[in-house]
Amino acid sequence: MPILRTVAAARGSAAPARIRLGAMSVDPAIQFPGESREYRLARNQLLEAEIELRRTIERVAAQRRALPPGGAVPDDYVFEKAAGEGGEVTFSQLFAPGRDTLVIYSFMFPRWSGDTRPGPAEGETARLPLAETPCPSCTSILDALDGAAPHLAGQLDFVVVAKSDPERIRNFARDRGWRYLRLLSSRHNNYNRDYHAEGPDGEQSPVLNVFTREGDGFRHRWATELMFAPRDEGEDPRHVDLIWPMWHVLDMTPGGRGSSPDFPAMDYR
């Protein structure tokens with residue numbers, strides 16, 4: 001039975017009624033200035049759907065956490081550092097002492113070959129052929145994750161991997177103003193291919209993978225496999241939307257996400 005009604009619709013009265021959701025007491029007849037009865041009825045119906053969506057999100061997250069360990073990581077991949085003085089770091093060294101969770105985002109640098117959105121407008125990366133420049137969508141994700149990285153650092157290890165020259169990655173990060181992302185190059189190992197961030201044709205894919213330390217070994221735990229799942233005609237995969245706040249803001253607006261093929265862009269000037 002629906003738990004939210006407008007008071008006017010459900011009781012024919014302006015008297016407020018309160019309900020309990022979990023440990024919280026809420027007023028189902030909350031109103032904002034100037035709103036109509038029709039708006040409040042529609043808004044409360046939507047709120048029922050939002051409550052159910054919240055339950056679904058929590059249920060799916062719990063199911064994700066309850067997954068058994070996946071396959072053992074087959075190689076102690078050697079990555080090149082794209083920041084500081086450079087050098088190399090192995091997969092096992094990406095786990096800091098005392099932490100057992102590693103999240104790796106695969107950054108499409110170079111971009112998908114069919115992506116014709118403009119590249120960077122300035123900086124070293126702007127001098128590259130378009131096909132060798134980074135993906136604008138990945139860039140918008142990493143713009144946000146650069147700010148989130150210090151918050152994540154206390155609970156897990158988070159790194160960004162691209163199959164590109166470390167100097168190119170470093171130059172682009174500097175031009176974007178990224179300060180906190182741990183950026184690595186996978187150009188000389190098979191990580192991208194093994195964990196589905198690279199197809200047989202060499203095309204890169206924006207995939208996020210989660211790994212855990214299990215005793216002396218390492219196991220795969222989860223990946224954004226919606227990238228590869230069936231979807232309805234015209235539907236985007238939305239596999240990395242959980243880490244892409246821009247879309248969540250747009251979803252709250254009447255205009256939604258829009259339909260521009262050039263959004264998000266590398267530059268808006």
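Reckoned from all heavy atoms, side chains included, excluding hydrogens, waters and symmetry mates.
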Between the main-chain N or O of [Y] and the side-chain N or O of [X], is there a donor-acceptor pair closer than 3.5 Å?
X    : Y    : result
T139 : M266 : no
D115 : R111 : no
E132 : P129 : no
D100 : R213 : no
S36  : Y39  : yes

Got a second to check how far [X]'s [atom1] is from [Y]'s [atom2], nearest 0.5 Å?
X    : Y    : atom1 : atom2 : value
F158 : L208 : CZ    : CG    : 6.5 Å
L41  : E35  : CG    : CD    : 11.0 Å
N44  : I51  : CG    : CD1   : 9.0 Å
N190 : Y195 : CG    : OH    : 11.5 Å
T224 : L242 : OG1   : CG    : 9.5 Å

Do [X] and [Y] share a hydrophobic cluster, counting only Ile, Leu, Val, Met, Phe, Trp and Tyr and linking them when any side-chain heavy atoms are less than 4.5 Å apart?
X    : Y    : answer
L226 : L67  : no
V160 : V210 : yes
M108 : F172 : no
Y180 : L152 : no
L156 : V89  : no

If you look at every heavy atom in [X] and [Y], which pair is closest and at what distance?
X    : Y    : result
E198 : K163 : OE1-NZ, 2.8 Å
L94  : D157 : O-CG, 3.2 Å
P136 : A265 : CB-C, 4.1 Å
L142 : Y105 : CD2-CD2, 3.8 Å
R117 : S137 : NH1-OG, 2.9 Å
E124 : R174 : CG-NH2, 3.9 Å

Looking at side-chain heavy atoms only, is the closest gap between [X] and [Y] below 4.5 Å?
X    : Y    : value
D175 : E122 : no
N192 : V161 : yes
T125 : R168 : no
L183 : W178 : yes
P206 : H239 : yes
N209 : Y191 : yes
R221 : E214 : yes
L145 : L181 : yes

Tell me whether the count of non-hydrogen atoms from other residues, nucleotides or ligands lying under 6.0 Å of [atom1] in [X] goes above 12.
X    : atom1 : result
D216 : CG    : no
Q63  : CD    : no
H220 : NE2   : yes
R179 : CZ    : no
Y268 : OH    : yes
Q155 : CD    : no

Apart from F228 itself, what residues make up its hydrophobic cluster when side-chain heavy atoms of I, L, V, M, F, W and Y under 4.5 Å apart count as a link, directly or indirectly?
V207, M227

Linking directly or through intermediates, with side-chain heavy atoms under 4.5 Å: list the remaining ILVMFWY members grouped with V60, chain and number order.
none

Run E80 and L184 through side-chain contact (heavy atoms from CB on, under 4.5 Å) and show every step you take.
CA-CA 6 Å; E80 294 174 273; L184 305 174; over 6 Å; no

Identify whether the distance between the nearest side-chain nitrogen and carboxylate oxygen of [X] and [Y] falls below 4.0 Å.
X    : Y    : answer
R43  : E50  : yes
R269 : D267 : yes
R55  : E52  : yes

What verdict does the side-chain contact (heavy atoms from CB on, under 4.5 Å) test give for D165 and S185, after you've listed the backbone C-alpha separation in whole Å, the side-chain angles of each residue and the deciding distance to 0.1 Å?
CA-CA 7 Å; D165 183 285; S185 171; over 6 Å; no

For a quick check under 3.5 Å, do E203 and S205 share a side-chain donor-acceptor pair by atom type?
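There is no such pair (donor and acceptor under 3.5 Å, judged by atom type) between the side chains of E203 and S205.
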
Residue pair W244, S140: steps toward the side-chain contact (heavy atoms from CB on, under 4.5 Å) verdict:
CA-CA 8 Å; W244 205 346; S140 72; 2.9 Å; yes

Give the intermediate values and the outcome of ring pair (Phe, Tyr, Trp, His ring centres under 6.0 Å) for residues F95 and F218.
CA-CA 10 Å; F95 288 81; F218 305 93; 4.8 Å; yes

I want to check a possible cation-pi pair here: R64 against W222, using under 6.0 Å from ring centre and within 45° of the ring axis as the test.
yes

Considering only distance and modelled atom types, tabulate donor-acceptor pairs under 3.5 Å from the side chains of residues 68-77, sequence neighbours left out.
| unit_1 | atom_1 | unit_2 | atom_2 | d |
| --- | --- | --- | --- | --- |
| D76 | OD1 | F91 | N | 3.2 |
| D76 | OD1 | S92 | N | 2.8 |
| D76 | OD1 | S92 | OG | 3.2 |
| D76 | OD2 | S92 | OG | 2.9 |
| Y77 | OH | D194 | OD2 | 2.6 |

